[in-house]
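The figures here come from the full heavy-atom set of this structure, side chains too, leaving out hydrogens, waters and symmetry mates. Since the structure is predicted, the reported quantities are computational estimates derived from the model, not experimental observations.
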Amino acid sequence: MTKKLVRGFTLIELLVVLVILGLIASVVGPRVVGYLAGAKSDTAKLQIEEIGAALDLYKLEVGRYPSTEEGLQALVQAPAGSTGWRGPYLKKKLVPKDPWGRPYHYAAPGKHSVYDVYSYGADNLQGGEDENKDILSWE
């Protein structure tokens with residue numbers, strides 16, 4: 001019988017690998033988090049543009065924008081008494097939530113345009129910077 005030599009890793013070798021992985025994570029980690037925060041803001045901008053296009057199509061067919069009371073739900077479900085509605089006007093047949101899981105704010109007539117669609121960002125508070133910055137349809 002021949003014995004095979006079984007070789008494994010020593011504790012020192014494993015610790016060295018873990019230290020190297022920790023160093024790599026400390027350098028790359030903050031960049032990845034920064035990209036994720038920016039991606040959510042970019043997603044919100046794109047969703048607001050899509051909602052804006054749907055609102056414009058709604059106006060073409062119905063003759064007006066949905067009222068603040070009807071809200072964005074009018075883009076996927078005909079409001080009572082509306083004529084000319086041929087929706088739903090959004091691709092997924094539901095009103096998207098912002099990337100932080102909250103409904104978009106909507107007002108018509110808006111303070112800044114014929115309608116205002118916006119998200120208050122990650123902190124859900126007016127104002128802010130970076131990932132807490134408001135995403136606005138009129139900017």
So do the side chains of [X] and [Y] get within less than 4.5 Å of each other, counting heavy atoms only?
{"X": "Asn132", "Y": "Leu125", "value": "no"}
{"X": "Leu72", "Y": "Pro66", "value": "no"}
{"X": "Pro99", "Y": "Gln47", "value": "yes"}
{"X": "Ile51", "Y": "Tyr106", "value": "no"}
{"X": "Arg102", "Y": "Tyr120", "value": "no"}

Check your understanding: Do you see a donor-acceptor pair shorter than 3.5 Å between the side chains of Asp56 and Tyr65?
Key ->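 Yes, side-chain donor-acceptor contact under 3.5 Å.
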Review point. Does the salt bridge (charged side-chain N to carboxylate O under 4.0 Å, His left out) test come out yes or no for Lys133 and Glu139, once each step is laid out?
Key: CA-CA 12 Å; Lys133 184 178 178 184; Glu139 286 186 350; 5.1 Å; no
How long is the span from the [atom1] atom in [X] to the [atom2] atom in [Y], to the nearest 0.5 Å?
{"X": "Glu61", "Y": "Thr83", "atom1": "CD", "atom2": "OG1", "answer": "11.5 Å"}
{"X": "Ser41", "Y": "Trp100", "atom1": "OG", "atom2": "CH2", "answer": "4.0 Å"}
{"X": "Leu90", "Y": "Gln73", "atom1": "CG", "atom2": "CD", "answer": "9.5 Å"}

Practice item. Decide if atom CD of Glu129 counts as having more than 12 heavy atoms of other residues, nucleotides or ligands within a radius under 6.0 Å. Key: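 No, CD of Glu129 has 12 or fewer neighbouring heavy atoms, counting only those of other groups under 6.0 Å.
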Review point. Can you name the closest pair of heavy atoms from Ser119 and Ile48 and give their distance?
Key: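 Scanning both residues, the minimum pair turns out to be N-CD1, 4.3 Å.
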**Study point:** Residue pair Ala74 / Trp85: nearest heavy atoms and the distance that separates them
**Key:**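 Closest heavy-atom pair between Ala74 and Trp85: O-NE1, 2.8 Å.
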Point to revise | Salt bridge Lys92-Glu50, side-chain N to carboxylate O under 4.0 Å | key: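 Result for this pair is no, no salt bridge flagged.
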Review point. When Tyr104 is tested against each of Val117, Ile135, Val95, Asp116 for side chain to side chain contact (heavy atoms under 4.5 Å, CB included), which residue passes?
Key: Val117
Practice item. Classify the ring geometry between Tyr118 and His105 as parallel (under 30°), tilted (30 to 60°) or perpendicular (over 60°). Key: parallel
Check your understanding: Shared ILVMFWY cluster between Val114 and Tyr58, side chains joined below 4.5 angstrom?
Key ->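 Val114 and Tyr58: one cluster.
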